[in-house]
Every structure is written in C-alpha cells, then in structure tokens.
Undergrad: 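Before anything else, here's the structure in question.
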Amino acid sequence: MNEKKEYGWKLQEIILVAMLCIVFGVVYLAGVYLASFLSTLLTPVGLAPLANELVFGVWFMASTLAAYILQKPGAAIVAEVLAALIEVLLGNMYGPMVIVAGIIQGAGGEIVFAAGGYKKFDRRMVCLASVGCCITSFLWSFVRSGYGKLAVPLLAVMFLIRLVSSLIFSGVLSKAIGDGLARTGLLKGYALGRAHA
C-alpha cells in the first residue's frame, strides 16, 4: 500500500510530464536545426562532426528534469520517449528512429536513478543521470551512425564534448529549471516542490 502511494503516478504528474514533453519536443526539434546550422559553420574548418555533440545534452533534458521533479520510477524514460515522439510529430527530419534514440537515452538516466533506489535526487545524482544518458546515447551513435569507423582520437573528442554538453544542459540546467519552478510554488504538489518546502 505504501509502495503504491510512493511510486504510483497521479493524474497531475501525468499531466505535468505531458506538458514538459510538449515543450521539450519543440526544444529538441530546435536543437536539430541548431546542430545543422553549427555543422554548416564548422564544415570549412573540418569540424562538422562536432556540431551535434555541442548540443547533444539538450536532447536529454526532458529525462532528467521530469525525473528530478517527480522522483519516481519510469519518469526519466517515459519523458524522454514522449518528448522524442512529439519531436517526430513536429517534423524531425530523422523520422521515427528518434523514438528509438529516446528510449535508449532515457534508459541511461533511468538506470542511474534506479541505482540510487529512486531516493537520491541531488545535483550529483542529476548530473550522473545526464552522464548515463550520454553513455547510452554514444553507444547508440556508435552502432547507428557508424562511429566505429572514426579515428579513436576523434571519437574521444566527440565523447568528451557530448559529456560536457550533457552535464551543462541535462545536468546543471535541468536542475536549475526544476529548482526555479519549485521556488515559485508551482511544484508544491510534486516531490521536488515538497522537498523545497
């Protein structure tokens, strides 16, 4: 009974995640166009492969922010998949494969929160979850985008840039957004809001 009360999703939590995913679906799509623009800028100097890596952390934000606010099992992966779905519906050029990427990325964050028993939701844990998203997404890029054909030094640089991007956007920025919303009182019905109160 207590476990159901602690881990079961309430209607308001489902609505919040849906709203977050609509916002991040738009943000994710904007990230695609930003990465494309950066790729164009970096092509003359031979650094086009780094364009996606610079903004990759943006594409994990729904996962870490939703999990940070709800602090319940499934929040990270559900939010990431829904945001990816909305991104596809809005016209992402990569199509439905983005949803598969969402599953893989969200799983990276979910694994970290699960390892903490869904009890720790501090800055360290949110940043570790963003690292989890980074690792699983990079493994997926290795398989899906042929990263295995790239030179090891370039791979290392790409991973480091994606890692920093992940920590900045889905770690530090997601936590800051969550804390900012909690301070306004908008999240008083959610775990993060109660923790701030």
Side-chain angles (χ1 to χ4, degrees), residues 1-29 31 56-90 92 96-140 144 166-167 169-182 186-197:
M1 185 74 174
N2 287 341
E3 187 173 315
K4 185 178 180 183
K5 183 178 179 183
E6 183 179 352
Y7 291 134
W9 284 43
K10 299 174 183 173
L11 179 60
Q12 68 178 21
E13 292 169 334
I14 295 170
I15 292 171
L16 176 70
V17 169
M19 289 170 50
L20 284 175
C21 292
I22 291 169
V23 170
F24 279 108
V26 174
V27 170
Y28 286 7
L29 187 59
F56 227 102
V58 169
W59 296 314
F60 311 144
M61 290 179 72
S63 178
T64 52
L65 181 58
Y68 184 49
I69 292 172
L70 266 62
Q71 303 184 6
K72 291 187 174 182
I77 194 165
V78 167
E80 193 66 18
V81 173
L82 285 178
L85 174 62
I86 290 166
E87 180 186 359
V88 170
L89 293 175
L90 289 172
N92 184 300
M97 193 54 66
V98 171
I99 299 169
V100 177
I103 294 168
I104 293 166
Q105 292 166 183
E110 195 71 47
I111 289 167
V112 172
F113 289 121
Y118 298 102
K119 293 177 182 174
K120 296 178 183 177
F121 289 90
D122 53 11
R123 175 179 283 109
R124 177 177 172 271
M125 189 59 73
V126 173
C127 285
L128 284 174
S130 73
V131 171
C133 293
C134 174
I135 292 170
T136 55
S137 73
F138 202 81
L139 291 173
W140 174 242
R144 172 72 181 165
S166 301
L167 288 168
F169 290 109
S170 69
V172 175
L173 186 56
S174 285
K175 185 178 185 304
I177 291 170
D179 290 340
L181 289 171
L186 290 173
L187 301 179
K188 60 185 177 183
Y190 306 91
L192 180 61
R194 291 191 292 271
H196 272 259

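The structure displayed is predicted, hence computed values, not measured ones. FYI, the numbering just counts along the sequence from 1. FYI, side chains are in, hydrogens and waters are out, and symmetry mates aren't considered; it's all heavy atoms of this structure.
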Undergrad: Evaluate the side-chain proximity of Val172 to Leu167: yes if any heavy-atom separation is below 4.5 Å, no if none is.
TA: no
Undergrad: Side-chain contact test, heavy atoms from C-beta onward, threshold under 4.5 Å: evaluate it for Tyr28 versus Val98 and give yes or no.
TA: no
Undergrad: Main chain of Gln105, side chain of Ser137: is a donor-acceptor contact present, judged purely on distance under 3.5 Å?
TA: no
Undergrad: Can you give me the closest heavy-atom contact between Val112 and Met125, atom names plus distance?
TA: CG1-SD, 3.5 Å
Undergrad: Considering only heavy atoms from C-beta outward, does the side chain of Phe169 approach that of Trp59 to under 4.5 Å?
TA: no
Undergrad: Any idea which heavy atoms bring Ser166 and Phe60 closest together, and the distance?
TA: OG-CE1, 3.1 Å
Undergrad: Write down the atom of Ile177, the atom of Met61, and the distance for their closest heavy-atom approach.
TA: CD1-CE, 3.8 Å
Undergrad: Out of curiosity, Lys175 NZ to Thr64 OG1, how far, rounded to the nearest 0.5 Å?
TA: 11.5 Å
Undergrad: Say you draw a straight line from SG of Cys133 to CD1 of Ile111; how long is it, rounded to the nearest 0.5 Å?
TA: 9.5 Å
Undergrad: Determine whether a donor-acceptor pair (N or O, by modelled atom type, separation under 3.5 Å) exists between the side chain of Ser63 and the backbone of Glu80.
TA: no
Undergrad: Are any of the side-chain heavy atoms of Arg144 and Val100 separated by less than 4.5 Å?
TA: no
Undergrad: Are side-chain heavy atoms of Leu192 and Tyr68 found at a separation under 4.5 Å?
TA: yes
Undergrad: For a quick test of reading the model, state the closest non-hydrogen atom pair linking Ala62 to Ala83 and the distance between them.
TA: CB-CB, 3.9 Å
Undergrad: When rounded to the nearest 0.5 angstrom, what distance separates NZ in Lys120 from CD in Gln71?
TA: 13.5 Å
Undergrad: Can you tell me how far the SG atom of Cys21 sits from the CG atom of Leu16, to the nearest 0.5 Å?
TA: 9.0 Å
Undergrad: Answer whether the closest heavy-atom distance between the side chains of Phe56 and Cys134 falls below 4.5 Å.
TA: no
Undergrad: Decide yes or no for Leu20 and Ile69: does some side-chain heavy atom of the first lie under 4.5 Å from some side-chain heavy atom of the second?
TA: yes
Undergrad: Below 4.5 Å, heavy atoms only, C-beta onward: do Leu65 and Val126 meet side chain to side chain?
TA: no
Undergrad: Can you name the closest pair of heavy atoms from Ala66 and Ala79 and give their distance?
TA: CB-CB, 3.4 Å
Undergrad: Kindly compute the distance separating CG (Leu70) from CZ (Phe113), expressed to the nearest 0.5 Å.
TA: 11.0 Å
Undergrad: Count the heavy atoms of every other residue, nucleotide or ligand shown that sit under 6.0 Å from CZ of Arg194, and state whether that count exceeds 12.
TA: yes
Undergrad: Measuring from Ile103:CD1 to Leu85:CG, what's the distance to the nearest 0.5 Å?
TA: 10.0 Å
Undergrad: Search all heavy atoms of Trp140 against all heavy atoms of Ala101 and return the closest pair with its distance.
TA: NE1-CB, 3.9 Å
